[in-house]
Amino acid sequence: STDRGLNWTVSNTGMTEVTNLGFHNANDGVATYVSYDSTGSINNFAMVKSTDGGRTWSTVSPTGTFYKSSLAVVPNKPGMLVSVNGLSNTSKDGSAYSMDEGKTWTQLDTLIQYTSVKFYNDKVGWAGGFNNSPSRGIWKWKPIATGVTKLPVVRTKVKIYPNPSTGIVHLIFPENK
């Protein structure tokens with residue numbers, strides 16, 4: 001809706017239904033469909049993404065370990081998703097993140113039974129779990145390093161050899177006086 005919910009437009013994701021939906025911004029978003037069998041195991045999963053505000057959707061075929069119970073689209077960080085699992089089989093529980101809209105995943109942890117995950121931004125996020133011991137309950141996100149931190153330039157006389165190199169170089173720093 002562009003008028004605060006007074007009128008809505010319909011978009012066909014190509015999935016039977018949508019069980020999870022989130023947008024990073026006005027254009028980039030992800031939708032998933034998860035269904036469970038009578039034992040509580042996931043028996044169907046689909047993921048699609050949009051880069052045009054939901055007008056069109058394309059299938060995402062994830063690779064790597066990721067979790068399907070709950071997925072958070074991180075606001076204002078296009079491409080960043082966090083997934084968690086909270087099934088009764090804790091050997092399949094944990095969390096993972098993606099920086100490319102769900103195409104590839106990096107596992108964060110295992111054997112923690114999360115029930116849901118939500119993010120305010122790429123530095124503030126929470127995952128819920130069962131509160132059945134002092135070490136369980138609500139988990140707060142610890143931001144991951146997703147790039148190189150820019151540091152101030154300090155001029156020093158560093159020696160680098162060999163030059164030219166074959167790919168491996170050695171650095172010699174002057175001693176602090």
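This chain uses plain numbering: 1 for the first residue, then up along the sequence. Just so we're clear, the structure is a prediction, and the values are computed from it rather than from any experiment.
Here Thr110 contributes atom OG1 and Asp93 contributes atom CG; the two are 9.5 Å apart, rounded to the nearest 0.5 Å. Separating the CG atom in Leu108 from the CH2 atom in Trp139 is a distance of 12.5 Å, to the nearest 0.5 Å. Of the inter-residue distances, the one linking Lys49 atom NZ with Thr59 atom OG1 reads 10.5 Å to the nearest 0.5 angstrom. To the nearest 0.5 angstrom, Asn121 atom CG is 11.5 Å from Trp141 atom CH2. Of the inter-residue distances, the one linking Thr115 atom OG1 with Ile138 atom CD1 reads 7.0 Å to the nearest 0.5 angstrom.
In this structure the side chain of Pro78 reaches within 4.5 angstrom of the side chain of Asn25, judged on heavy atoms. The shortest distance between side-chain heavy atoms of Asp122 and His24 does not fall below 4.5 Å.
Val124 and Val82 are members of different hydrophobic clusters when ILVMFWY side chains are connected at heavy-atom separations under 4.5 Å. Cluster membership for Ile42 and Leu81, using ILVMFWY side-chain heavy atoms within less than 4.5 angstrom, is shared. Follow the hydrophobic side-chain contacts under 4.5 Å out from Val30 and you reach Val34 in the same cluster.
Taking the side-chain contact (heavy atoms from CB on, under 4.5 Å) definition, one finds that Ser83 meets it with Phe66, Tyr67, Leu71, Ala96, Trp105, sequence neighbours left out. Checked against side-chain contact (heavy atoms from CB on, under 4.5 Å), Asn44 has the following partners two or more places apart in sequence or in another chain: Tyr33, Ser35. Legend: residues meeting side-chain contact (heavy atoms from CB on, under 4.5 Å) with Thr13, ordered by chain and number and at least two apart, are Met15, Val18, Val48, Trp57.
Contact record, Pro62 with Val60: CD-O, 3.2 Å, taken as the closest heavy-atom pair. Scanning both residues, Ser116 and Val84, for their nearest heavy atoms gives C-CG2, 4.0 Å. For Met99 against Lys77, the heavy-atom pair with the smallest separation is CE-CE, 4.1 Å. Closest approach of Lys68 and Asn85 over heavy atoms only: N-OD1, 3.6 Å. Residues Asn20 and Ser70 approach most closely at ND2-C, 4.1 Å, considering heavy atoms. Nearest heavy atom pair, residue Asp52 against residue Arg55, reads OD1-N, 3.1 Å.
Around atom OH of Tyr120, no more than 12 heavy atoms belonging to other residues, nucleotides or ligands sit under 6.0 Å away.
Under a 3.5 Å cut-off, the side chain of Thr32 and the backbone N or O of Thr19 do not form any donor-acceptor pair.
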>> For Val74 and Tyr97: C-alpha separation, side-chain torsions, deciding distance, then whether side-chain contact (heavy atoms from CB on, under 4.5 Å) applies.
In response: CA-CA 10 Å; Val74 180; Tyr97 73 94; over 6 Å; no
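No hydrogens or angles considered: nothing links the side chains of Thr51 and Asn27 as a donor-acceptor pair under 3.5 Å.
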